[in-house]
Engineer: 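Structure in structure tokens, see below.
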Amino acid sequence: MVNTVPSTPTIPETQQPDLPAVTDSSEKPVSVIAESVALPDLDYVVPNPEEHQKLLVAMRKACGWDAGMVPTWFIQQAEGTRFMSIFYLPGTATPIGMGGVELKDFDRADKDVADIDSKRGCIVSLFLYKQYRGKGYLGKILSICEEIAREKGLKVLTIYGLAKAGGYEKFGYKTFKVAVRNYGGENNWETRYLEKVL
């Protein structure tokens with residue numbers, strides 16, 4: 001079920017280019033953390049180009065990645081190969097981030113990352129404004145993406161990022177490979193690939 005908010009969201013003035021950092025300063029075992037933390041509420045909406053393109057472009061610029069890709073997301077969404085969401089503070093028009101699920105690895109065609117036939121999807125375009133990090137929202141966004149993936153019949157969700165980034169294990173994701181991935185041009189970086197059985 002999709003929660004909706006007013007269609008004219010405000011864009012926070014503070015837009016930080018950092019990607020969501022996942023840290024855990026607790027000494028508890030990972031499984032205990034995941035079970036004992038109550039996730040905050042969030043509203044979310046499936047974006048459409050008329051109402052949300054400017055907001056998605058602003059978020060993409062804030063995270064420092066190619067904002068020119070946003071129009072392609074709407075084409076993929078219409079084809080049923082990408083499912084995007086914009087996340088808001090409950091009962092407000094204040095966006096805190098975005099995220100989605102792809103059914104194909106459009107960038108590199110890596111079937112370990114996403115493959116419709118094997119029911120693998122990939123969490124993509126994950127972004128959370130800096131001022132909302134460390135408050136449990138990332139866990140809630142991941143939970144919503146997982147719910148969407150289940151509704152679409154996926155059995156496994158993957159996520160990838162720079163190998164030095166970590167912390168998704170506390171949400172039940174396990175590393176299945178570390179390999180160099182091309183992020184465009186000459187940007188070949190060691191990347192950690194994680195997966196979670198739904």
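Numbers here are sequence positions counted from 1.
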Engineer: Does NZ in K104 sit with more than 12 non-hydrogen atoms of other residues, nucleotides or ligands closer than 6.0 Å?
Structural biologist: no

Engineer: Hey, does the side chain of E169 reach the backbone of G167 with a donor-acceptor pair shorter than 3.5 angstrom?
Structural biologist: yes

Engineer: Determine whether I86 and M59 make a side-chain contact, defined as any pair of heavy atoms from C-beta on separated by less than 4.5 Å.
Structural biologist: yes

Engineer: I'd like to know whether I123 forms a side chain to side chain contact (heavy atoms under 4.5 Å, CB included) with Y173, so could you lay out the CA-CA distance, the side-chain angles of the two residues, the decisive distance to 0.1 Å, and finally the verdict.
Structural biologist: CA-CA 11 Å; I123 294 177; Y173 289 83; 3.3 Å; yes

Engineer: Using every non-hydrogen atom in the two residues, find where D66 and R60 come nearest and quote the distance to one decimal.
Structural biologist: O-NE, 3.2 Å

Engineer: Would you compute the distance between atom CE of M69 and atom CG of L56 and round it to the nearest 0.5 angstrom?
Structural biologist: 12.5 Å

Engineer: Return the minimal non-hydrogen interatomic distance between Y129 and A62, and the atom names on each side.
Structural biologist: CE2-CB, 4.1 Å

Engineer: Name the orientation class of the two ring planes belonging to Y168 and F171 (parallel below 30°, tilted from 30 to 60°, perpendicular beyond 60°).
Structural biologist: tilted

Engineer: Kindly work out whether a path of hydrophobic side-chain contacts (I/L/V/M/F/W/Y, heavy atoms less than 4.5 Å apart) joins V156 to L126.
Structural biologist: no

Engineer: Examine distances only and state if a side-chain atom of K135 and a backbone atom of Q131 form a donor-acceptor pair shorter than 3.5 Å.
Structural biologist: yes

Engineer: Does any part of the side chain of T158, heavy atoms only, come nearer than 4.5 Å to the side chain of L194, both counted from C-beta?
Structural biologist: no

Engineer: What pair of heavy atoms forms the shortest contact from G136 to P40, and how long is it?
Structural biologist: O-CD, 3.3 Å

Engineer: Verify, without hydrogens or angle tests, whether E102 (side chain) and T81 (backbone) share a donor-acceptor contact under 3.5 angstrom.
Structural biologist: no

Engineer: Is it the case that more than 12 heavy atoms not belonging to K119 sit under 6.0 Å from its NZ atom?
Structural biologist: no

Engineer: Under 4.0 Å between a side-chain nitrogen and a carboxylate oxygen: does that hold for D112 and K177?
Structural biologist: yes

Engineer: Are V178 and L162 joined in one hydrophobic group, where the rule is that I, L, V, M, F, W and Y side chains link up if heavy atoms are under 4.5 Å apart?
Structural biologist: no

Engineer: Is a donor from one side chain sitting under 3.5 angstrom from an acceptor on the other, for R82 and S125?
Structural biologist: yes

Engineer: Please find the pair of heavy atoms, one from G99 and one from C145, that lie closest to each other, and give the distance.
Structural biologist: C-SG, 4.3 Å

Engineer: For a 4.5 angstrom cut-off between non-hydrogen side-chain atoms, does K152 reach V101?
Structural biologist: no

Engineer: Counting only N and O atoms by type, is there a donor-acceptor contact under 3.5 Å from the side chain of R108 to the main-chain atoms of R181?
Structural biologist: no

Engineer: Working to the nearest 0.5 Å, report the span between CG of L142 and CD of E147.
Structural biologist: 13.0 Å

Engineer: Looking only at heavy atoms, which two atoms of C63 and F127 are closest? And how far apart?
Structural biologist: CB-CD1, 3.2 Å

Engineer: Could you please spell out the steps behind the side chain to side chain contact (heavy atoms under 4.5 Å, CB included) verdict for L128 and M98?
Structural biologist: CA-CA 7 Å; L128 186 62; M98 66 178 169; over 6 Å; no

Engineer: Would you say the side chain of F87 lies within less than 4.5 Å of the side chain of V45, judging by non-hydrogen atoms?
Structural biologist: no

Engineer: Report yes or no: does T175 contribute a side-chain atom to a donor-acceptor pair with the main-chain N or O of R192 at less than 3.5 Å?
Structural biologist: no

Engineer: Taking the side chain as C-beta and beyond, is there a heavy-atom pair between F83 and E151 under 4.5 Å?
Structural biologist: no

Engineer: Just verifying a value: how many Å separate Q77 CD and T72 OG1, rounded to the nearest 0.5 Å?
Structural biologist: 12.5 Å

Engineer: Which class fits the ring pair Y137 and Y132: parallel under 30°, tilted 30 to 60°, perpendicular over 60°?
Structural biologist: perpendicular

Engineer: Does the distance from a Lys or Arg side-chain N to an Asp or Glu carboxylate O, for E195 and K174, drop under 4.0 Å?
Structural biologist: no

Engineer: Are W65 and F106 linked, directly or through intermediate hydrophobic residues, by side-chain heavy-atom contacts shorter than 4.5 Å (ILVMFWY only)?
Structural biologist: no

Engineer: Do F74 and P47 come close enough that some side-chain heavy atom pair is under 4.5 Å?
Structural biologist: yes

Engineer: Under a 4.0 Å N-O cut-off, is there an ion pair linking R120 with D105?
Structural biologist: no

Engineer: The test is side chain to side chain contact (heavy atoms under 4.5 Å, CB included); show your working for L42 and I141 and say whether it passes.
Structural biologist: CA-CA 8 Å; L42 283 178; I141 289 172; 3.7 Å; yes

Engineer: If hydrophobic clusters are built by linking Ile, Leu, Val, Met, Phe, Trp and Tyr wherever their side-chain heavy atoms come under 4.5 Å apart, do L198 and I148 end up in the same one?
Structural biologist: yes

Engineer: Measure the shortest side-chain to side-chain distance between V180 and T191 over non-hydrogen atoms and say whether it is less than 4.5 angstrom.
Structural biologist: no

Engineer: Just verifying a value: how many Å separate L154 CG and L103 CG, rounded to the nearest 0.5 Å?
Structural biologist: 5.5 Å

Engineer: Give the cluster check for V124 versus Y193: same hydrophobic cluster or not, with ILVMFWY residues linked at side-chain heavy-atom distances below 4.5 Å.
Structural biologist: no

Engineer: Got a donor-acceptor contact below 3.5 angstrom from the S85 side chain to the G100 backbone?
Structural biologist: no

Engineer: Measure the shortest side-chain to side-chain distance between D43 and L89 over non-hydrogen atoms and say whether it is less than 4.5 angstrom.
Structural biologist: no

